[in-house]
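None of the values given here were measured: they were computed from a predicted structure. Per chain, numbering begins at 1; letters A, B, ... match sequence-line order.
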2 protein chains.
Amino acid sequence: MSITIKDVAKLANVAPSTVSRVIADHPNISGETKERVREAMKELGYHPNFIARSLASNSTQSIGLVMPSSADKALQNPFFPEVIRGISKGAHEKKYSLHISTGESLEEIFDGVVQMVQGRRVDGIILLYSRFNDKIIDYLLDQSFPFVVIGKPYKYKKEITYVDNDNVQASIDVTEYLIKLGHKRVAFVGGSLNLVVTIDRLQGFKHAILSNNLPYRDEYVKHVEFLKEGGREAITELLSLEKPPTALVVMDDLMALGVLNKLDEMGKAVPDDISVVGFNNVLLTEISRPPLTSVDINIFQLGYQAAKSLIDQTENQNQPVKRIMIPHNLVIRESCYENKQNL
Amino acid sequence: MSITIKDVAKLANVAPSTVSRVIADHPNISGETKERVREAMKELGYHPNFIARSLASNSTQSIGLVMPSSADKALQNPFFPEVIRGISKGAHEKKYSLHISTGESLEEIFDGVVQMVQGRRVDGIILLYSRFNDKIIDYLLDQSFPFVVIGKPYKYKKEITYVDNDNVQASIDVTEYLIKLGHKRVAFVGGSLNLVVTIDRLQGFKHAILSNNLPYRDEYVKHVEFLKEGGREAITELLSLEKPPTALVVMDDLMALGVLNKLDEMGKAVPDDISVVGFNNVLLTEISRPPLTSVDINIFQLGYQAAKSLIDQTENQNQPVKRIMIPHNLVIRESCYENKQNL
DNA sequence: TTGTACGCGTTATCAC
DNA sequence: GTGATAACGCGTACAA
């Protein structure tokens, strides 16, 4: 077996409990023995056994991540690596590690969460998405297990700590940007209506249209599944309208790439014939042709703040429920153009 | 506190050890008491404590993932979500979960690995990349801790179990594909020379050029860091050569996207003026303009097999070292064209 | 300031 | 078949 606290104790001529205290850097312990113990640890190459420590202290120093189902193409979205990078940073700073339980179906994922929680494998959980009727949230609330949602919960907003952007305002900003460029026929291409973020961005879009005295038309709103396939039909439909839009608010950069692709195929030039904006400002926006104007939602910060706030919650009892808003800002590139014909 | 095995034992009128046996589905135990115990578990909503189980059985049922440093932009590569999806599948099938230790620097990552191993937090480790002089591999070998490398190790190949493609052959295939299209001036755009995969693909390229009696020119080989920035200069340099290449073998789809972008900017048409092929066949290849011809390396399978093989290794002692090769195949799209001028 | 003794929730090794 | 009992490695009252 490997080196335990007892071995160290023997070598340093102290009791195991003393070693334990040295590890925890307990205040009242003589500097002398501290040194002696530390030397013994080094000499033996001692490393604490996390499992044993967890059992004794009832804390694992690790946080659970819940991702969308792996069958879901959404995983391919660069949003996730980036948000995980942020979480990593926050976790690492407090010496926490990450635990992922995966599954292909909603049911499998739910079971995974139950195992993490009841099995005491993690101290808290971060939900990397927010969608309607998520059993997981009900379960976590019921267990009063610490968790943070990235995105806005669909209900129990007052009782859940979450980190989000002001997606309504972001959507207003970007839509008004197009309107100020002279666009009067602006369409919205959104993702799954099961995601709360879709609702928020649609709402912002609608608000911007109406408050600028433009007509809000249902046929200018399309909802497609996140990646490629669906988006393409939506574009065909939009452009075959009697009065096709001159600008598109697309809810996600990856979708926007698909849209650019389809437009090119149809012989429409961006931004000359039609303007396009996206959300998230992922790396790909720079590589796209033309470079995509996009709302930077600070994905990294979403993850970083979520981790910090969760750790806060697990380490200090009775933290109040928090709502952390991450600022957004429009990054203007080359996918939008002034609508001179004023259609 | 939560419900333990003892509570179940009491309710079912048996000893804790019996409950434990029921959980493990021990063979010699009467069907009757099995039923009684199971009912008691349900009634109390019992869930085993993983931590305690790990301590007693000295196995965690979770595997550690080592990713490239989070500072590294490489994380943005869709390769990782996909390989993790494969790992997830393999892990989930055997009821394993995933543990990620992260870090920004090489040093932090190394420390994370040491903690995972010495802290007995995981039963085995999967390295998601392979590069030169990786201290982590030396450490794991030294500790004789079970691990699997995705990609080819730079040394100790005989002693390490790894899952890889035949990247040399893949590169030969794709280069010969271009040669057969009539291209005589083919250039190679590779990634970091610290990655073993770069070497393999370059080697295959070189082999294909020479064995087809074409001149191998150093100025036709460029190495750039994975994403955008560097790649662009490389293209400029290649195209300003006296005899510029008519086809490019680009080592990664994401890099290839950047290349397409740059070529477009320079007014070069793909595939009419110049042909481009990539590697990995990620989703983006379909969205790109033109859709990118790419070598499908079966990323999902890389992950899936790595997980299966690692679990095999941890559960059955003395498994022989394995070398698992995942097949590749060329997916032809629209980024290559016959070179009719026969330059 | 340090040592003793017990508990954390399981699994595993004996007995019976 | 089943029940005590001892590990597993560590944290922590309590005692000294």
Exercise for the section: Under 4.0 Å between any heavy atoms, over every strand shown, what does B:Ser54 touch: base, sugar-phosphate, or nothing? Just pick one. Expected result: nothing
Handout entry: Nearest-Å distance for atom pair CZ/C1', residues A:Arg121 and C:dT10
Key = 14 Å
Exercise for the section: Would you please test B:Arg323 and B:Lys157 for side-chain contact (heavy atoms from CB on, under 4.5 Å) and show each step? Expected result: CA-CA 9 Å; B:Arg323 205 189 59 166; B:Lys157 289 186 192 59; over 6 Å; no
Exercise for the section: Report the residue (B:Leu55 or B:Lys34) whose heavy-atom-nearest nucleotide on DNA chain D is the more 5′ of the two. Expected result: B:Lys34
Problem - Pair A:Arg36 + A:Glu39, salt bridge at N-O below 4.0 Å - result: no
Handout entry: Lys/Arg N to Asp/Glu carboxylate O, B:Lys94 vs B:Asp312, below 4.0 Å
Key = no
Exercise for the section: Find the distance A:Lys6:NZ to C:dT4:C1' and express it as a whole number of Å. Expected result: 13 Å
Fill in the blank from the handout: Separation between CZ (A:Phe110) and CG (A:Asp138), nearest 0.5 Å, reads 8.5 Å
Completion exercise
The salt bridge (charged side-chain N to carboxylate O under 4.0 Å, His left out) partners of B:Lys135 (sequence neighbours excluded) come to B:Glu107
Problem - Whole-Å gap separating P (C:dC16) and CG (B:Asn28) - result: 18 Å
Problem - Within-4.5 Å side-chain heavy-atom neighbours: B:Val122 and B:Phe145 - result: yes
Problem - For atom NE2 of A:His26 and atom P of D:dC10, their distance in whole Å - result: 18 Å
Exercise for the section: Please work out if A:Asp7 contacts a base, only the sugar-phosphate, or nothing of the nucleic acid, heavy-atom cut-off 4.0 Å. Expected result: nothing
Practice task
Identify the heavy atoms of B:Ala15 and B:Ala9 that sit nearest to each other, and give their distance.
Solution key: C-CB, 3.8 Å
Practice task
For B:Gln118 and D:dG9, give me the distance from atom CD to atom C1', rounded to whole Å.
Solution key: 15 Å
So which protein nitrogen or oxygen atoms get under 3.5 Å of nucleotides 11-13 of chain D's nitrogens or oxygens?
from   : atom 1 : to      : atom 2 : distance (Å)
D:dG11 : OP1    : A:Arg53 : NE     : 3.3
D:dG11 : OP2    : A:Ser20 : OG     : 2.7

Exercise for the section: Compare every heavy atom of B:Ile29 with every heavy atom of B:Thr33, then report the nearest pair and how far apart it is. Expected result: OG1-CG1, 4.1 Å
Handout entry: Atom-to-atom span, CD of B:Gln61 to C1' of C:dG9 - whole angstrom
Key = 17 Å
Exercise for the section: Look at A:Thr33 and C:dT1 and indicate whether a side-chain polar atom (N or O) is within less than 4.0 Å of OP1 or OP2. Expected result: no
Practice task
Take atom CZ of A:Arg36 and atom C1' of C:dT2, then tell me their distance rounded to the nearest Å.
Solution key: 11 Å
Practice task
For the helix from C:dT1-D:dA16 to C:dC16-D:dG1, figure out the bend between the end axes, five pairs an end, and round to 10 degrees.
Solution key: 40°
Completion exercise
Value for CG (A:Asn49) from CD1 (A:Ile3), rounded to nearest 0.5 Å, stands at 12.0 Å
Practice task
Would you mind classifying the nucleic acid contact of B:Ile29 as base, sugar-phosphate or nothing, using non-hydrogen atoms under 4.0 angstrom?
Solution key: sugar-phosphate
Problem - Rounded distance (Å) that lies between atom C1' of C:dT11 and atom CG of B:Asn49 - result: 13 Å
